[in-house]
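In what follows, every chain begins at residue 1, and chains take the letters A, B, ... in the order their sequences are listed. Heavy atoms only: backbone and side chains are in, while hydrogens, waters and symmetry mates are out. Owing to the predicted nature of the structure, the values given are computational and were not obtained by experimental measurement.
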There are 2 protein chains.
Amino acid sequence: MTLTTAEENYLKAIYHLSDGATKSVSTNDVAAEMKTKPASVSDMLRKLGDKEVIEYRKYYGVNITEEGKKRALQTIRKHRLWEVFLVDKLQFAWDEVHEVAEELEHIQSPLLIQRLDAYLNYPKFDPHGDPIPDEYGDVRARPRLALNEMDVDQSGQIVAVKDSSAAFLKYLDKVGAYIGARIKILDKVEFDGSMEILVDQKKTLFMSKDVAANILAIQS
Amino acid sequence: MTLTTAEENYLKAIYHLSDGATKSVSTNDVAAEMKTKPASVSDMLRKLGDKEVIEYRKYYGVNITEEGKKRALQTIRKHRLWEVFLVDKLQFAWDEVHEVAEELEHIQSPLLIQRLDAYLNYPKFDPHGDPIPDEYGDVRARPRLALNEMDVDQSGQIVAVKDSSAAFLKYLDKVGAYIGARIKILDKVEFDGSMEILVDQKKTLFMSKDVAANILAIQS
DNA sequence: TCTTATTTTTAGCCTTACCTAAAACCCTAA
DNA sequence: TTAGGGTTTTAGGTAAGGCTAAAAATAAGA
């Protein structure tokens, strides 16, 4: 059973919204994600249900099936491999690659993806730090480090905080850090463990060891 | 004015059939080339006429316009650059690349093509020996050499014969050479200028200097 | 020139993927 | 337990790109 480009895109959206195939997803949410109308989504959900990549009960939203999850992960794999190609080989900036990868991910050729993977040296993460599923759909999550565990000159991306109190999040917001921010360790002060951090390649931030220990990042 | 994937494919077919935008092309010929029905072609010709990439007079076939020629050459450029990528970088065989390139050529990103061109070191010919138009649509035809002018170990492709008498073409056919054949010069005999030539990577052919001088090839 | 054969176009219908408007359904609060 | 209100589906329509069957235009032969 092959999927059209539109079907692949819907399936990918449903996979993302369902938090890795765990939660069920509403028609409205899919419509928002796909920037389309709920009526169009209903149509498409019926089709995807017929193809058994989702379980669809009218009025009750959808759950992705095992087969659907596998298909979604294949598409995500292709997307992320192309992103690596664009950044590593064609010198694209990491924020320029998404739209092009969105087109490239629909090219149908298992051989192409196999060869591309080898050519890129079997990368495990894309330029945004997101993991690349293997050809069976297995994802190896990248280990998270607290910022104070990172070394000077290492780069990464903030993915979570340990203490998610409103106060701490407010502090983060004030200094211009946020979940998803790209960071680089510029300096670590031996004496008190405080750090100097470059955020989004433009803003420099000073933080105490305690603050740094509260912020989790993945390396890139 | 943007073209859909289908429109790009029709335009490319019309360009090829019109021998580089010189001859006019019939509905039936386009239908045969596109493996579709004449009725579908009529529809599409009206659309392409509206977009002014062809000149369409009902019942009298079409001529490609200057704008159409430019568009067709852009698509051909993208197709051939991707073919080079697949062969040079991803180790595809030269006869495995066409279908995948047929998909890749429709990716819309001028930056991608520009970067790909640079990455491949501005190739002038694709793996089949066909010239790659530059970004303005200019094509530099590859100089043709008679086989006896080629050196040992050089590879190429037969593109024409000087003497196109039936007798000579019949002889070529008998020995298994043909327009389009991939060849490699294995040996040249100093004494009489006769040559040993590998055809399509499998058949070895001996020919006199006179015969070799009658066959034109491009180098690859 | 007239008739026939061939080519091309039109007419009408299908599928995919979208849309709007209206109907149906689910849920909650009075 | 029923009336809204929000969500979701259905009904019907559009555009792209295909199809078949039939009509129309061109070309060719007597």
Side-chain angles (χ1 to χ4, degrees), chain A residues 1-15 17-18 23-64 68 71-72 75 99 102-103 105-108, chain B residues 1-15 17-18 23-64 68 71-72 75 99 102-103 105-108:
Chain A
M1 183 77 70
T2 62
L3 300 178
T4 65
T5 292
E7 286 168 345
E8 280 186 356
N9 284 334
Y10 271 94
L11 193 58
K12 202 166 43 120
I14 293 167
Y15 177 82
L17 289 170
S18 71
K23 305 193 312 206
S24 80
V25 175
S26 76
T27 300
N28 254 3
D29 289 350
V30 176
E33 179 80 9
M34 296 295 294
K35 297 183 203 309
T36 183
K37 305 290 152 166
S40 308
V41 174
S42 285
D43 255 16
M44 184 54 91
L45 295 186
R46 193 183 35 70
K47 286 180 207 163
L48 292 176
D50 289 348
K51 296 195 173 183
E52 300 182 359
V53 290
I54 61 172
E55 220 176 299
Y56 175 42
R57 281 182 52 219
K58 279 183 195 176
Y59 295 103
Y60 287 92
V62 297
N63 286 87
I64 203 161
R71 300 299 194 97
T75 306
E99 287 71 32
E102 206 65 20
E103 295 188 51
E105 73 188 9
H106 300 294
I107 304 287
Q108 302 290 358
Chain B
M1 184 76 72
T2 62
L3 300 180
T4 66
T5 292
E7 287 168 343
E8 281 186 354
N9 283 334
Y10 271 94
L11 193 57
K12 205 166 41 121
I14 293 167
Y15 177 82
L17 290 170
S18 69
K23 304 194 314 206
S24 80
V25 175
S26 76
T27 300
N28 255 3
D29 288 350
V30 175
E33 179 80 9
M34 296 295 295
K35 296 183 204 307
T36 184
K37 304 290 153 170
S40 307
V41 174
S42 285
D43 255 16
M44 184 52 92
L45 294 186
R46 193 183 37 68
K47 287 180 206 165
L48 291 176
D50 290 348
K51 296 196 172 181
E52 301 184 356
V53 291
I54 60 172
E55 220 177 299
Y56 175 43
R57 280 181 54 218
K58 279 183 194 174
Y59 295 104
Y60 288 92
V62 297
N63 287 88
I64 204 162
R71 300 298 194 97
T75 306
E99 287 71 32
E102 207 65 20
E103 294 190 53
E105 74 186 9
H106 300 294
I107 305 289
Q108 302 290 356

Next on the checklist: Less than 4.0 angstrom between a side-chain N/O of B:Ser40 and OP1 or OP2 of D:dG17, yes or no?
Outcome noted: no

Checklist entry - So, is B:Lys37 close to the C:dT8 phosphate, meaning a side-chain N or O under 4.0 Å from OP1 or OP2? => result no

Item to check | Qualifying residue for side chain to side chain contact (heavy atoms under 4.5 Å, CB included) with A:Pro38, from A:Val30, A:Asn28, A:Asp29 | outcome: A:Asn28

Checklist entry - CD of B:Glu55: more than 12 outside heavy atoms within 6.0 angstrom? => result no

Item to check | Separation of atom NZ in B:Lys51 from atom C1' in D:dA16, rounded to whole Å | outcome: 10 Å

Checklist entry - Between atom CE in B:Met44 and atom P in D:dA16, what is the gap in whole Å? => result 10 Å

Checklist entry - Nearest-Å distance, OH (A:Tyr56) to P (D:dT8)? => result 9 Å

Next on the checklist: Among D:dT8, C:dT9, D:dA16, which nucleotide has an atom closest to any side-chain atom of B:Ala39?
Outcome noted: C:dT9

Checklist entry - Are B:Tyr60 and D:dT26 close enough that a side-chain N or O sits under 4.0 Å from OP1 or OP2? => result yes

Item to check | Whole angstrom value for the distance that separates P of C:dT7 from CG of B:Asp29 | outcome: 10 Å

Next on the checklist: With a cut-off of less than 4.0 Å, is there a side-chain N or O of A:Tyr10 near OP1 or OP2 of C:dT16?
Outcome noted: no

Checklist entry - Of all heavy-atom pairs between A:Glu105 and A:Asn9, which one has the smallest distance, and what is that distance? => result OE2-OD1, 3.3 Å

Next on the checklist: Does D:dC19 have its OP1 or OP2 closer than 4.0 Å to a side-chain nitrogen or oxygen of B:Thr36?
Outcome noted: yes

Item to check | Gap between atoms NZ and P, on B:Lys58 and D:dA23 respectively (whole Å) | outcome: 18 Å

Checklist entry - Has A:Asn28 got a side-chain N or O lying under 4.0 Å from the OP1 or OP2 atom of D:dG6? => result no

Checklist entry - Starting at CG of A:Leu45 and ending at C1' of D:dT10, how long is that distance when rounded to a whole Å? => result 14 Å

Checklist outcome for this item: Correct closest heavy-atom pair for A:Ala72 and A:Tyr15 would be CB-CB, 3.7 Å

Next on the checklist: It should be established whether B:Thr27 places a side-chain nitrogen or oxygen under 4.0 Å from OP1 or OP2 of nucleotide C:dT9.
Outcome noted: yes

Item to check | Below 4.0 Å: OP1/OP2 of C:dA17 and any side-chain N or O of A:Thr4 | outcome: yes

Checklist entry - Can you check the A:Glu7 CD to C:dC18 P distance for me, whole Å? => result 10 Å

Checklist entry - Nearest nucleotide by nearest heavy atom, which residue falls closer to the 5' end of DNA chain C, B:Asp43 or A:Asp43? => result B:Asp43

Checklist entry - Between B:Glu7 and B:Arg71, is there a salt bridge with N-O shorter than 4.0 Å? => result no

Item to check | Whole angstrom value for the distance that separates P of D:dG5 from OH of A:Tyr59 | outcome: 19 Å

